[in-house]
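Following: one structure in structure tokens, then a few remarks.
Nothing here was measured: the structure is a model prediction, and the numbers come from that model. In what follows, chains carry the letters A, B, and so on, assigned in the order in which the sequence lines appear, proteins first and then strands, with residues in each chain numbered from 1.
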Amino acid sequence: SQTIHQWPATLVQPVGSPLSLECTVEGTSNPNLYWYRQAAGRGLQLLFYSIGIDQISSEVPQNLSASRPQDRQFILSSKKLLLSDSGFYLCAWSGPGRGNQPQHFGDGTRLSIL
Amino acid sequence: GDSVTQMEGPVTLSEEAFLTINCTYTATGYPSLFWYVQYPGEGLQLLLKATKADDKGSNKGFEATYRKETTSFHLEKGSVQVSDSAVYFCALSDQISGNQFYFGTGTSLTVIP
């Protein structure tokens with residue numbers, strides 16, 4: 001069966017520090033991968049999605065970037081964190097192609113910026 | 001463009017009460033519709049789905065029927081439990097929009113004993 005792993009589960013970082021969050025998927029090939037941010041008490045904001053290695057689409061201009069160095073690995077990064085980057089970050093995957101398949105989510109990373 | 005609108009929360013119910021969370025959608029094509037549940041501090045879990053008009057998705061006592069005529073996908077449960085306390089998200093995926101999902105803003109449900 002397919003599984004998705006996100007780490008770390010929680011992270012506290014000072015303003016201006018770099019960031020790297022990692023997400024890996026097991027049990028499937030060529031998945032579509034997604035990064036979302038969820039602010040406290042708010043809905044989901046799609047940050048990036050990827051349909052293949054090195055193919056990244058950005059949904060909103062921001063202080064973050066994403067990379068997909070391997071088929072089942074998706075990394076969210078920042079060179080310098082801002083206070084506004086605080087939130088709950090969720091990685092998700094869906095089956096390959098354009099079909100209307102469900103997305104499956106990791107357990108999330110809670111990021112606090114001090 | 002595609003969008004999902006769900007009822008504002010928070011919703012507070014007594015145990016064994018009937019639950020309805022309204023969801024309506026706008027889509028350019030023929031979307032699939034989903035309900036997700038998020039328990040405190042966790043990621044989203046797929047609760048149920050429906051892929052075409054008049055389909056009924058069901059899971060764990062929850063149901064939702066894909067109504068094309070009213071562009072709705074309301075979530076219902078006949079008797080809620082304390083363990084159902086969570087945030088519920090309605091979502092759609094439309095082949096025309098490619099691989100993207102459109103989520104509602106979420107409805108927080110609290111069930112009290």
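Residues B:G41 and A:R110 approach most closely at CA-NH2, 4.5 Å, considering heavy atoms. Considering all non-hydrogen atoms of both residues, A:P102 and B:F101 come closest at CA-CZ, 3.7 Å.
For A:Y36 and B:F103, the ring centers sit closer than 6.0 Å to each other.
Using a 4.5 Å cut-off between heavy atoms, B:Y30 contacts chain A through its backbone alone, with no side-chain atom that close. Contact annotation for B:Q38: only side-chain heavy atoms (C-beta onward) come within less than 4.5 Å of a heavy atom of chain A. The contact between B:P31 and chain A is made entirely by backbone atoms, counting heavy-atom distances below 4.5 Å. Of the two parts of A:Q6, neither the backbone nor the side chain holds a non-hydrogen atom closer than 4.5 Å to a non-hydrogen atom of chain B. Contacts of B:L46 with chain A are made by side-chain atoms alone, with heavy-atom separations under 4.5 Å and no backbone atom involved.
Annotation for B:K77: atom NZ counts as buried by contact number, over 12 foreign heavy atoms lying within 6.0 Å. Within 6.0 Å of atom CD in B:Q81, more than 12 heavy atoms from other residues, nucleotides or ligands are found, so the atom counts as buried in its surroundings. More than 12 heavy atoms of other shown residues, nucleotides or ligands fall within 6.0 angstrom of atom CD in A:Q2.
Linking Ile, Leu, Val, Met, Phe, Trp and Tyr residues whenever their side-chain heavy atoms come within less than 4.5 Å leaves A:F88 and A:W7 in two separate clusters. Note on B:I21: it clusters hydrophobically with B:L13, by side-chain heavy-atom contacts below 4.5 Å among ILVMFWY residues. A continuous path of Ile, Leu, Val, Met, Phe, Trp and Tyr side chains, each step under 4.5 Å between heavy atoms, connects A:L47 with A:I113, placing both in one hydrophobic cluster. A:V15 and A:V12 are members of different hydrophobic clusters when ILVMFWY side chains are connected at heavy-atom separations under 4.5 Å. The cluster map of Ile, Leu, Val, Met, Phe, Trp and Tyr, joined by side-chain heavy atoms under 4.5 Å apart, puts B:Y39 and B:L75 in the same cluster.
Heavy-atom pairs under 4.5 Å with chain B peak, among A:Q38, A:H104, A:Q45, at A:Q38.
The main-chain N or O of A:Q103 is found under 3.5 Å from a side-chain atom of B:Y36 such that the two form a donor-acceptor pair.
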Query raised in the report: Going through the distances and angles, do A:L44 and B:T105 end up as a side-chain contact (heavy atoms from CB on, under 4.5 Å)?
Result: CA-CA 7 Å; A:L44 296 169; B:T105 53; over 6 Å; no

